[in-house]
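The first residue in the sequence is number 1, and the count goes up from there.
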Amino acid sequence: DILVQLVQRHGILVKTQTTDFTGYRFIHDGFLDYLTTAELVEKDKWIDTALSNISNTEWQEPIKMAIGLAEPDDADKFLGKLMELNERDPLQRPLMLACRCISDGRIELQDKTSSIKIIDEITGLFNSQSPMHFLSPVVLDTISLLGQSVKKVKDKVASFSKNGKKHLRIKSIIAMGRMGYDPRIIEILKDQINQEREKDPEIRICAVNSLAMIGSVESIDDLVNVTLNDENQRVRWRASSALTMIDPDKAVTKIIDSY
C-alpha cells in the first residue's frame, strides 16, 4: 500500500486525527508547495490561476517556484500582468510579490517592457510619501540586488543617500553596501563618514558599516581618519571594527604612521 509506505517507511506523510476526522498531511510544507507548483505549471492557463491567488499566503511559495520553472517568455508575461494588477492595488501587493521573486533569485529581469515597468515601480518607491514598502526587508534586498546591474536603480539609491529624508538615507546607504564594489559608491560613502560634511553620527555609522560590507582597501585611509578623529565615540569604535574586517595589518600600519 503506497499510503502505508509514505507514512511508515518514507516519513513524507504523517497521520492526523481528531475526534471526528482522520487524515494525513505532509511532514513539511515544502512537499505540498512543490507538488502544487508541478500541477500548476502543467496547466495551459497557469498564469491566470497564479494571478487569481496572489493575495493568498498559502500560494506565495508555489507561485514563486512556478516563476522559476516557467519559460522566460511565460515568466515575462506573468510579470507584465502582475504589474497591470499593481496599478489597481493601493497596497502594491503584486509589486511585493515581484520583489520576492527577484530577491529570492527566482527570476532574472530581461530587457523587456515588463522588466522595465518593474524597475520603474521599484525606483518609484523612493518617491512614495509612505515608507512602508521601502522599509521592508524584501524591497531593500531587491533594490540591493538590482543595483548591482541596473544603473537606474543605483543612481536612484545614490541620490537618496545624499538628499532624502533620514530614514530613506539610512536605507539607501545600507543598500549601497550590499551592491558590492563600485568606485562611485565608495566615494559617496567616504563623503558620508566625514564629520565635516555629514553632521549626523547615525548616518556616519551607517556609511562606515556599508564600507565594511564592501571591504575595499580604498576606504582604509578615510576609516583610519574617522577612527582617530571623529568626535563621536560610537562612530570611532565602528570605524575601527570596519578596519579589522577589511585589512587589519594595513590599518595598524596606517595608524602607527599617523603618529
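Distance check, rounded to the nearest 0.5 Å: CD of Gln92 to CG of Leu97 gives 13.0 Å. Here the CZ atom belonging to Arg236 is positioned 11.0 Å from the CD1 atom belonging to Ile205, to the nearest 0.5 angstrom. Atoms CD1 and CZ, on Ile63 and Arg100 in that order, are 9.5 Å from each other to the nearest 0.5 Å. Ile220 contributes atom CD1, which lies 11.0 Å from atom CG of Leu211 (distance to the nearest 0.5 angstrom). A distance of 11.5 Å separates CD1 of Ile246 from CE of Met213, quoted to the nearest 0.5 Å. With rounding to the nearest 0.5 angstrom, the CZ atom of Phe78 is 15.5 Å from the CG atom of Asp73.
In this structure, the side chain of Ser159 does not engage the main chain of Asp155 through any donor-acceptor pair within 3.5 Å. Asn232 places a side-chain N or O within donor-acceptor distance of the main-chain N or O of Val235, the cut-off being under 3.5 Å. Remark: side-chain polar atoms of Ser210 are not paired, donor with acceptor, to backbone N or O of Ala207 under 3.5 angstrom. Proximity of a side-chain donor or acceptor of Arg93 to a complementary backbone N or O of Ile54 within less than 3.5 Å is not detected. Panel note: side chain Gln192, backbone Ile173; no donor-acceptor pair is recorded below 3.5 Å. The main-chain N or O of Asn225 is found under 3.5 Å from a side-chain atom of Asn229 such that the two form a donor-acceptor pair.
You'll find the side chain of Ile214 reaches within 4.5 Å of the side chain of Leu189, heavy atoms only. By the 4.5 Å heavy-atom criterion applied to side chains, Ser161 and Met176 are counted as neighbours. When side chains are defined from C-beta on, Trp59 counts as touching Thr49, because their heavy atoms get closer than 4.5 Å. Proximity of Tyr181 to Glu218: side-chain heavy atoms (C-beta onward) are separated by under 4.5 Å at one or more points.
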Could you go through Arg178 and Asp141, starting from their C-alpha distance and side-chain angles, then the distance that decides it, and tell me whether this counts as side chain to side chain contact (heavy atoms under 4.5 Å, CB included)?
CA-CA 8 Å; Arg178 295 181 180 184; Asp141 288 344; 2.5 Å; yes
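Looking at every heavy atom in both residues, Ile47 comes nearest to Asp74 through CD1-O, 3.7 Å. Taking every heavy atom of both residues into account, Leu95 and Met83 meet most closely at CA-CE, 3.9 Å. Minimum interatomic distance between Asp89 and Pro94 (heavy atoms only, all atoms of both residues): OD2-CD, 3.4 Å. Closest approach of Ser216 and Ser219 over heavy atoms only: O-OG, 2.8 Å. Heavy-atom minimum distance, Ala212 versus Ala242: CB-CB, 3.6 Å. Nearest heavy atoms, Asn194 versus Arg204: C-CD, 4.2 Å.
The hydrophobic cluster containing Ile256 does not contain Leu228, counting ILVMFWY residues as joined when their side-chain heavy atoms lie under 4.5 angstrom apart, directly or transitively. Under the 4.5 Å side-chain heavy-atom criterion for Ile, Leu, Val, Met, Phe, Trp and Tyr, Ile255 and Val208 are members of the same hydrophobic cluster.
Residue-environment remark: CZ (Arg184) exceeds the threshold of 12 foreign heavy atoms within 6.0 Å.
Residue Asp221 is tested with Lys254, Lys250, Lys190 for a salt bridge (Lys or Arg N to Asp or Glu O under 4.0 Å); the sole match is Lys254. Remark: of the listed residues Lys166, Arg169, Lys162, Arg169 is the sole one forming a salt bridge (Lys or Arg N to Asp or Glu O under 4.0 Å) with Glu198.
A salt bridge between Glu61 and Lys64 is present, with a side-chain N of the basic residue lying under 4.0 Å from a carboxylate O of the acidic one. A salt bridge links Asp120 with Lys152: the closest approach of a Lys/Arg side-chain nitrogen to an acidic carboxylate oxygen falls below 4.0 angstrom.
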